[in-house]
Amino acid sequence: MFALALAGALHLLAQPLLAAETPPNFAMHEAPKPMPEIQFQDGEGQPRTLADHSGKVVLLNVWATWCIPCRKEMPTLDRLQAELGGPDFEVVALSIDRAGPDAVRKFFAEIGIQHLALNIDASGKAMFALAIIGLPATILIDREGREVGRLIGPTEWGSPVMVAFLRDLIAND
């Protein structure tokens, strides 16, 4: 009896671990795609690019303060950054607000955003370069700076399925 239980346990240990399930509406690419070079500014007005985040898995969320679904999902992105952010992962929330960083700062203060850096492209050029047709739009970028998937529309970034999916991706990228 013990031998049978031991054999069963060893068989289970020999099986590959199943990858976390891909969350609904997250379109993963069969192969990574090159990312266009986009430019934006941080909250201090300093120029930034996605290359500033190389070596990390990046969740690039393009949003605006006037976008109601964007406003609703921003707190979940803030919590995701608090939970997973660090040397291997970063949420880059890129506002396309033409009103500039003050509008974003005011919105962040109103809803208590504490863990997301302020990034803004008031020109809106990034949206066109990334071929984004609706907001919010989120692009998942691997450590080599390539697009591996995208999600159009809002989602609950703190859901157990999403967090497990991202943890698995971070660990295996």
Side-chain angles (χ1 to χ4, degrees), residues 11-40 42-43 48-64 67 69-96 104 108 111-121 125-173:
H11 175 72
L12 285 175
L13 289 173
Q15 300 301 310
L17 293 175
L18 295 176
E21 112 184 46
T22 302
N25 301 326
F26 215 118
M28 295 299 289
H29 305 312
E30 288 184 26
K33 297 179 176 186
M35 285 287 295
E37 191 169 314
I38 61 168
Q39 298 180 355
F40 48 94
D42 66 15
R48 297 286 180 234
T49 69
L50 290 174
D52 295 329
H53 307 281
S54 64
K56 292 183 179 188
V57 172
V58 172
L59 192 71
L60 174 65
N61 180 267
V62 182
W63 71 286
C67 164
C70 300
R71 294 174 70 92
K72 288 182 179 177
E73 87 170 347
M74 196 56 55
T76 71
L77 285 163
D78 190 55
R79 288 190 296 273
L80 182 67
Q81 175 63 24
E83 184 173 347
L84 298 181
D88 294 318
F89 177 79
E90 186 167 358
V91 174
V92 176
L94 179 59
S95 168
I96 59 164
V104 177
F108 275 11
I111 64 168
I113 298 297
Q114 298 177 0
H115 305 286
L116 296 175
L118 194 155
N119 297 291
I120 192 159
D121 173 25
K125 290 179 181 176
M127 189 170 164
F128 293 106
L130 296 168
I132 292 173
I133 56 173
L135 295 178
T138 307
I139 299 174
L140 186 57
I141 303 167
D142 69 11
R143 293 177 197 272
E144 295 177 36
R146 303 171 301 181
E147 179 177 334
V148 295
R150 67 173 53 198
L151 189 147
I152 305 300
T155 196
E156 174 53 56
W157 292 103
S159 74
V161 169
M162 186 64 76
V163 172
F165 168 73
L166 291 170
R167 280 188 195 281
D168 186 58
L169 191 94
I170 294 164
N172 294 304
D173 183 53

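What you see below is based on every heavy atom in this structure, not just the backbone, and it leaves out hydrogens, waters and symmetry mates. Worth saying up front: this structure is predicted, and the values here are computed from it rather than measured.
Within a 6.0 Å radius of CD in Glu156, other residues, nucleotides and ligands contribute more than 12 heavy atoms.
Residues Arg71 and Ile111 fail the side-chain proximity criterion, which asks for heavy atoms closer than 4.5 Å. Residues Ile96 and Leu135 have side chains in contact (heavy-atom distance under 4.5 Å, counting atoms from C-beta outward). Here the side chains of Ile141 and His53 are not in contact, with every heavy-atom distance at 4.5 Å or above. With contacts defined as side-chain heavy-atom distances shorter than 4.5 Å, the pair Pro154/Lys72 does not qualify.
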Go through the steps to decide whether Leu166 and Leu140 satisfy the test side-chain contact (heavy atoms from CB on, under 4.5 Å), and finish with yes or no.
CA-CA 9 Å; Leu166 291 170; Leu140 186 57; 4.1 Å; yes
Determine, step by step, whether Leu130 and Leu60 satisfy the side-chain contact (heavy atoms from CB on, under 4.5 Å) criterion, reporting the C-alpha distance in whole Å, the side-chain angles of both residues, the deciding distance to 0.1 Å, and the verdict.
CA-CA 11 Å; Leu130 296 168; Leu60 174 65; 3.8 Å; yes
Met28 and Leu169: CA distance, side-chain angles, deciding distance, side-chain contact (heavy atoms from CB on, under 4.5 Å) verdict:
CA-CA 11 Å; Met28 295 299 289; Leu169 191 94; 4.3 Å; yes
Evaluate side-chain contact (heavy atoms from CB on, under 4.5 Å) for Met162 paired with Leu80, printing each intermediate quantity in order.
CA-CA 10 Å; Met162 186 64 76; Leu80 182 67; 5.5 Å; no
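For residues 78-89, the side-chain hydrogen bond (donor to acceptor under 3.5 Å, both in side chains) pairs, not counting sequence neighbours, are Glu83-Arg167, Asp88-Arg143. Counting only residues at least two apart or on different chains, the side-chain hydrogen bond (donor to acceptor under 3.5 Å, both in side chains) pairs with a member in residues 22-35 are His29-Glu147.
In this structure, CH2 on Trp157 lies 4.0 Å from OG1 on Thr138, to the nearest 0.5 angstrom. Rounded to the nearest 0.5 Å, atoms CZ (Phe128) and CG (Asp121) are 10.0 Å apart. Rounded to the nearest 0.5 Å, atoms SG (Cys67) and CE (Met74) are 8.5 Å apart.
The two residues Pro24 and Leu151 have their closest heavy-atom pair at O-CD1, 4.1 Å. When all heavy atoms are compared, the tightest approach of Ile152 to Gly134 is CG2-O, 4.4 Å. Between Val161 and Pro23, the shortest heavy-atom contact is CG1-CA, 3.9 Å. Taking each heavy atom of Ala137 and Ile132 in turn, the nearest pair found is CB-CG2, 3.5 Å. Between Ala131 and Arg150 the shortest heavy-atom distance is O-NH1, 3.5 Å. Here the closest heavy-atom approach between residue Ile120 and residue Phe40 is recorded as O-CB, 3.3 Å.
Of the options Ile38, Leu94, Asp42, a side chain to side chain contact (heavy atoms under 4.5 Å, CB included) to Arg48 is made by Asp42 and by none of the others.
Phe26 pairs by the ring-ring contact (aromatic ring centres under 6.0 Å, His included) definition with Phe165, not counting sequence neighbours. With sequence neighbours left out, the side-chain hydrogen bond (donor to acceptor under 3.5 Å, both in side chains) criterion links Asp173 to no other residue. Applying the ring-ring contact (aromatic ring centres under 6.0 Å, His included) rule to Trp63 yields the partners Phe107, Phe108; only residues at least two apart in sequence or on another chain are considered. Under the salt bridge (Lys or Arg N to Asp or Glu O under 4.0 Å) criterion, Glu144 pairs with Arg146, sequence neighbours left out.
In this structure, the side chain of Asp168 does not engage the main chain of Asn172 through any donor-acceptor pair within 3.5 Å.
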